[in-house]
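For reference, the structure discussed in these notes is given below.
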2 protein chains.
Amino acid sequence: MVTTQSDSVLHGSPYRADCPTRHILDRIGDRWTVLVVGALWDGSARFSELRRRIEGVSQKMLTQTLRGLERDGLVRRTVHPQVPVRVEYTLTEAGRTLRAPLRALEEWSIAHLGDVTASQEAYDRAD
Amino acid sequence: MVTTQSDSVLHGSPYRADCPTRHILDRIGDRWTVLVVGALWDGSARFSELRRRIEGVSQKMLTQTLRGLERDGLVRRTVHPQVPVRVEYTLTEAGRTLRAPLRALEEWSIAHLGDVTASQEAYDRAD
DNA sequence: CAGGATCCAGGCCGATACTG
DNA sequence: CAGTATCGGCCTGGATCCTG
């Protein structure tokens with residue numbers, strides 16, 4: 001509902017507090033979302049598998065991140081009724097489209113990491 | 001905390017806690033960095049101008065964000081010795097290269113906002 | 001005008017214990 | 001195995017006051 005507005009959103013300022021893109025940025029913003037999407041890129045994975053793959057993520061944060069992604073329709077959660085329970089997470093079609101922009105960011109990071117680090121050191125050395 | 005070595009990190013998993021790309025993601029992660037870069041895209045701007053353009057940013061956060069970007073070599077800060085002081089912020093060459101990946105993200109947001117919102121509502125309605 | 005310094009509330013997130 | 005629930009520390013970030 002909120003989406004169907006003039007194209008002013010496109011060219012207009014995403015700097016407005018009410019801009020819908022901010023909400024998305026908030027999602028991408030948190031470190032784990034990006035890493036979870038990355039970890040799911042080459043196929044589905046179980047909960048504990050993700051937890052092992054993504055170093056440093058707590059169980060709480062992983063759950064929370066997965067719930068958020070599921071709510072956004074970017075990740076599908078499938079429960080296989082077995083004992084013990086088996087839960088699989090997979091990227092949806094929409095989730096897979098996230099790959100391109102995230103990849104762009106990642107590549108930028110890798111390409112510019114050296115420069116950024118050097119700049120930081122120079123900045124810190126000077127007063 | 002500062003790592004900088006071992007090129008294995010480059011091609012290795014960005015899921016490792018020590019991966020340098022995380023540092024970049026942390027920067028991009030916070031809402032203000034993205035918005036500041038966006039606000040500076042069409043030229044330099046003064047402090048108060050930025051503050052006006054970016055709705056909702058506090059003086060503290062704007063300063064902090066600009067300092068961070070300057071330290072990273074993405075923004076150049078120029079002080080014009082006048083009374084009152086005039087300070088101009090401009091994107092550096094490196095900073096300008098950020099445009100492409102950020103743009104990609106922004107476009108993804110706009111393109112998928114509708115779907116995401118719909119998915120959220122469905123998720124919340126169900127149980 | 002462009003910021004530094006400080007106080008403080010709120011949330012983020014980890015650690016821990018418990019369930020189906 | 002795949003979570004839920006809860007407590008608590010810390011850090012973020014806003015509000016406010018002050019400076020050159």
Side-chain angles (χ1 to χ4, degrees), chain A residues 15-18 22-23 25-36 39-40 43-72 75-90 123-124 126-127, chain B residues 1 15-18 22-23 25-36 39-40 43-71 75-90 123-124 126-127:
Chain A
Y15 318 115
R16 314 304 292 259
D18 59 343
R22 282 212 186 171
H23 183 258
L25 278 180
D26 286 349
R27 277 232 142 283
I28 306 305
D30 86 277
R31 50 177 347 95
W32 304 125
T33 297
V34 177
L35 296 175
V36 166
L40 282 175
S44 52
R46 307 180 56 175
F47 185 86
S48 47
E49 205 175 333
L50 287 174
R51 195 171 172 187
R52 249 176 291 113
R53 278 199 218 172
I54 305 175
E55 187 169 303
V57 70
S58 68
Q59 167 268 333
K60 179 181 176 183
M61 280 302 99
L62 183 52
T63 300
Q64 201 168 294
T65 305
L66 285 168
R67 288 291 174 281
L69 284 169
E70 190 193 358
R71 194 173 99 105
D72 289 352
V75 158
R76 179 171 29 250
R77 179 172 180 270
T78 318
V79 182
H80 301 274
Q82 307 174 347
V83 200
V85 188
R86 174 188 180 84
V87 181
E88 292 232 319
Y89 292 94
T90 321
Y123 185 96
D124 294 342
D127 57 312
Chain B
M1 46 194 321
Y15 315 115
R16 314 305 291 257
D18 59 342
R22 281 213 185 170
H23 184 258
L25 278 179
D26 285 350
R27 278 231 141 286
I28 306 306
D30 86 275
R31 46 171 358 93
W32 304 123
T33 297
V34 178
L35 295 175
V36 165
L40 282 175
S44 52
R46 307 180 56 174
F47 185 85
S48 46
E49 205 176 332
L50 286 174
R51 196 170 172 188
R52 249 176 292 112
R53 277 199 220 174
I54 306 174
E55 188 169 302
V57 69
S58 68
Q59 168 265 328
K60 179 182 178 182
M61 281 301 99
L62 183 52
T63 301
Q64 201 168 293
T65 304
L66 285 168
R67 287 292 173 278
L69 284 169
E70 189 192 358
R71 195 174 98 104
V75 157
R76 180 169 28 251
R77 178 172 180 272
T78 317
V79 182
H80 301 274
Q82 309 175 346
V83 199
V85 189
R86 175 188 180 83
V87 181
E88 291 233 320
Y89 292 95
T90 321
Y123 184 96
D124 293 343
D127 194 43

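Quantities reported herein were computed from a predicted structural model and do not represent experimental measurements. Chain letters run A, B, ... following the sequence lines, proteins first and then strands; every chain starts at 1. Quick note: numbers below take in every heavy atom, side chains included, and nothing from hydrogens, waters or symmetry partners.
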For a 4.0 angstrom threshold against heavy atoms of chain A, report the outermost contacting nucleotides of DNA chain C in 5' to 3' order.
C:dC13 to C:dT16
Interatomic distance, CG@A:Leu62 vs CZ@A:Arg52, rounded to 0.5 Å, equals 11.5 Å
Expressed as a whole number of angstroms, how long is the span from A:Leu66:CG to D:dC1:P?
16 Å
Side-chain heavy atoms of A:Arg77 within contact of A:Val87, under 4.5 Å
yes
Taking atom types as modelled and ignoring hydrogens, do the side chains of B:Thr78 and B:Glu88 form a donor-acceptor contact shorter than 3.5 angstrom?
no
Could you state the interatomic distance from CE (A:Met61) to OG1 (A:Thr33), rounded to the nearest 0.5 Å?
10.5 Å
If you round to the nearest 0.5 Å, how far is OH of A:Tyr89 from CG of A:Leu66?
5.0 Å
Output the rounded distance in Å from CG (A:Leu50) to P (D:dA2).
9 Å
Note: A:Arg53 and A:Ala39 closest approach over all heavy atoms is NH1-O, 2.5 Å
Expected output: side-chain B:Glu70 to main-chain B:Arg67 donor-acceptor under 3.5 Å:
no
Counting primed atoms, P, OP1 and OP2 as sugar-phosphate and everything else as base, the B/S/- map of nucleotides 11-19 of chain D against protein heavy atoms under 4.0 Å is --BBBB---
Please report the interatomic distance CD1(B:Ile54) to OG1(B:Thr65), rounded to the nearest 0.5 Å.
8.0 Å
Nearest nucleotide by nearest heavy atom, which residue falls closer to the 5' end of DNA chain C, B:Thr63 or B:Val85?
B:Val85
Closer than 4.0 Å, any side-chain N/O of A:Arg67 to the OP1 or OP2 of D:dT4?
yes
